[in-house]
Protein chains: 2
Amino acid sequence: MPAASGTPRPPARSGERGIPEAAVARLPLYLRALGGLAEAGETTVSSEELAAASGVNSAKVRKDLSYLGSYGTRGVGYDVQQLVHLIARELGLTQDWPVLIVGIGNLGHALAGYGGFASRGFRVAGLVDADPARVGEEVGGVAVSHLDQLESIVRAEQVSIGVIATPAAAAQSVCDRLVAAGVTSVLNFAPCVLAVPPQVGVRKVDLSIELQILAFHEQRRNVAVAGVAT
Amino acid sequence: MPAASGTPRPPARSGERGIPEAAVARLPLYLRALGGLAEAGETTVSSEELAAASGVNSAKVRKDLSYLGSYGTRGVGYDVQQLVHLIARELGLTQDWPVLIVGIGNLGHALAGYGGFASRGFRVAGLVDADPARVGEEVGGVAVSHLDQLESIVRAEQVSIGVIATPAAAAQSVCDRLVAAGVTSVLNFAPCVLAVPPQVGVRKVDLSIELQILAFHEQRRNVAVAGVAT
DNA sequence: TAATGTGAAAGGCTTCACAGCC
DNA sequence: GGCTGTGAAGCCTTTCACATTA
């Protein structure tokens, strides 16, 4: 879901062989679940089982997988390994993705040390921070460089994905520099909206937004209970 | 009528005066944008301006706000302060929400120190970790307690929202304990599916899933370019 | 028999476009 | 003139239900 504002945005699927966005967003869930099943020694899996393991319902699983082609066996299910390959290829995880993380505060530390990246083809190609005191520190086996090095790292490491974990005030300028240096996908953890050219992809994660949504439902539950009780 | 398959899950809106889930998920964005506008000294805002500031389009803004009632002035726009109040109340942010964070690794640290919580009515009521070496450490002004204290903290502090930032292997057992102690909303950062009773709310954030979705689009762009070039 | 793959139906979300109001 | 509020249309997603196949 690229940011952008007034841009009229063409209707998502432009005619190409189209797997719906909603399905794409679930493929990583299946991949994670399949990893667990494979470790448990399963060689085949039914849509029902995969559904349970990934927290989705089975009709959705079947539809989603059907977008990748018909690789299941009726009466049996899907081959776990084949499915892992199929999904990984579809998501583009069979290649190496060098990632640059900007902003090595608590969150940047957490991201740099996060095991879930490496296991999916993401490689931390660089860490940069504006604070000279942090430069040189090693996090997860990678040394922190100064923000000045941003451009040179992006070019030297062919980084196409940048992760922004800076304060909100710095995010747009960091983003501009990433884009100017050649980054075409940005994952933004700063609580702000980023403006980017239309060909650049942005996704955002805002920790406090999720909590607020939880609070909404929590409050509702309480109001409902109070209403019934009164 | 729906033949029970997996989790029957009621159709989202249970009959009450219904603001759509998709709109709820955007309210925090508006709230954030309005904060910025207020700081900039704006007293009124049009749907177009709010749209730009929150990364949404103006038709959506108007529809979303209309679910809260008709508080705009035609020809003028919305009153910033009034909108802040309206949204905060709708989300349940006018009350204090004590939160317990479980798992004080890098991510737990980041969450405990995150400023965006306090400004929205969330208060870190406790931090717990399974590692005795971490107990006693202070993070963001709150001391880390041992995992054993989970239940007593939930009860003493009336915690209804729990945040799980443990490794995946520990998440389900932590979740079970939170729920047993009385927590009714869970924010899960562990990369796994949590089973909870139907009346408990769960939201999840998986850092690597967002990256994978980015990779999908990134790959697509490259393939498309290569395709055109070839 | 067991489970996939898929048209068709249902539901929800977004966008359009304009009447209504300040 | 400018902007909100909102039916209606269109699009996307989910779910159903069953023919099909190993």
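Side chains are part of it too, since the values below use all heavy atoms of this structure and drop only hydrogens, waters and symmetry mates. Residue numbers start from 1 in every chain, and the chains themselves are labelled A, B, ... in the order their sequence lines are given, proteins ahead of strands. None of the values given here were measured: they were computed from a predicted structure.
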Requested in this report: Provide, to the nearest angstrom, the distance between the CD atom belonging to B:Glu48 and the C1' atom belonging to C:dA17.
Outcome: 14 Å
Requested in this report: Starting at atom CG of B:Leu65, determine the distance to atom C1' of D:dT6, rounded to an integer number of angstrom.
Outcome: 13 Å
Query - Distance test, side-chain N/O of B:Arg26 to OP1/OP2 of C:dT14, below 4.0 Å - result: yes
Query raised in the report: Any side-chain N or O of A:Asn57 under 4.0 Å from OP1/OP2 of D:dT14?
Result: no
**Report entry** Contacts of type side-chain hydrogen bond (donor to acceptor under 3.5 Å, both in side chains), residue A:Tyr30, not counting sequence neighbours
**Finding:** A:Asp64
Query raised in the report: Testing A:Val202, A:Leu187, A:Leu194 for side chain to side chain contact (heavy atoms under 4.5 Å, CB included) with A:Ile164, which one passes?
Result: A:Leu194
Query raised in the report: Under the side-chain hydrogen bond (donor to acceptor under 3.5 Å, both in side chains) test, which residues partner B:Arg120, sequence neighbours left out?
Result: none
Query raised in the report: Looking at the side chain of B:Ala22, which of C:dC16, C:dC13, D:dT14 is the nearest nucleotide?
Result: C:dC13
Requested in this report: Specify the residues of residues 70-87 of chain A, ordered by number, for which at least one heavy atom lies under 4.0 angstrom from an atom of DNA chain D.
Outcome: A:Thr73, A:Arg74
**Report entry** A:Glu49 CD to C:dA2 C1', straight-line distance once rounded to whole Å
**Finding:** 12 Å
Requested in this report: Write down the distance between CG (A:Leu50) and P (C:dA3), rounded to a whole number of angstrom.
Outcome: 14 Å
Query raised in the report: Pairs in or reaching into residues 91-102 of chain B: which pass side chain to side chain donor-acceptor pair (under 3.5 Å), with residues at least two apart or in two chains?
Result: B:Asp96-B:Arg123
Query raised in the report: Given atom OH of A:Tyr67 and atom P of D:dC12, what is their separation to the nearest angstrom?
Result: 11 Å
Report task. Inspect the surroundings of CD in A:Glu39 and state if more than 12 heavy atoms from other residues, nucleotides or ligands are less than 6.0 Å away. Result -> no
Report task. Side chain of A:Lys63 only, please: which of D:dG7, D:dT4, C:dT6 is the nearest? Result -> C:dT6
Query - side-chain hydrogen bond (donor to acceptor under 3.5 Å, both in side chains) involving A:Asn188 - partner list, sequence neighbours excluded - result: none
Report task. Verify the contact: side-chain N or O of B:Lys60 to OP1 or OP2 of C:dC13, cut-off strictly under 4.0 Å; return yes or no. Result -> no
Query raised in the report: To the nearest angstrom, how far is B:Asp64 atom CG from C:dT15 atom P?
Result: 11 Å
Report summary line: Residue pairs passing the salt bridge (Lys or Arg N to Asp or Glu O under 4.0 Å) test with at least one member in residues 175-191 of chain B, sequence neighbours excluded, are B:Glu151-B:Arg177
Query raised in the report: Whole Å only: how far is the CZ atom of A:Arg62 from the P atom of D:dT14?
Result: 15 Å
Query raised in the report: Under 4.0 Å between a side-chain N/O of B:Ser46 and OP1 or OP2 of D:dC3, yes or no?
Result: no
Report task. Could you tell me the separation between the CG atom of B:Leu68 and the C1' atom of D:dT6, rounded to a whole number of Å? Result -> 15 Å
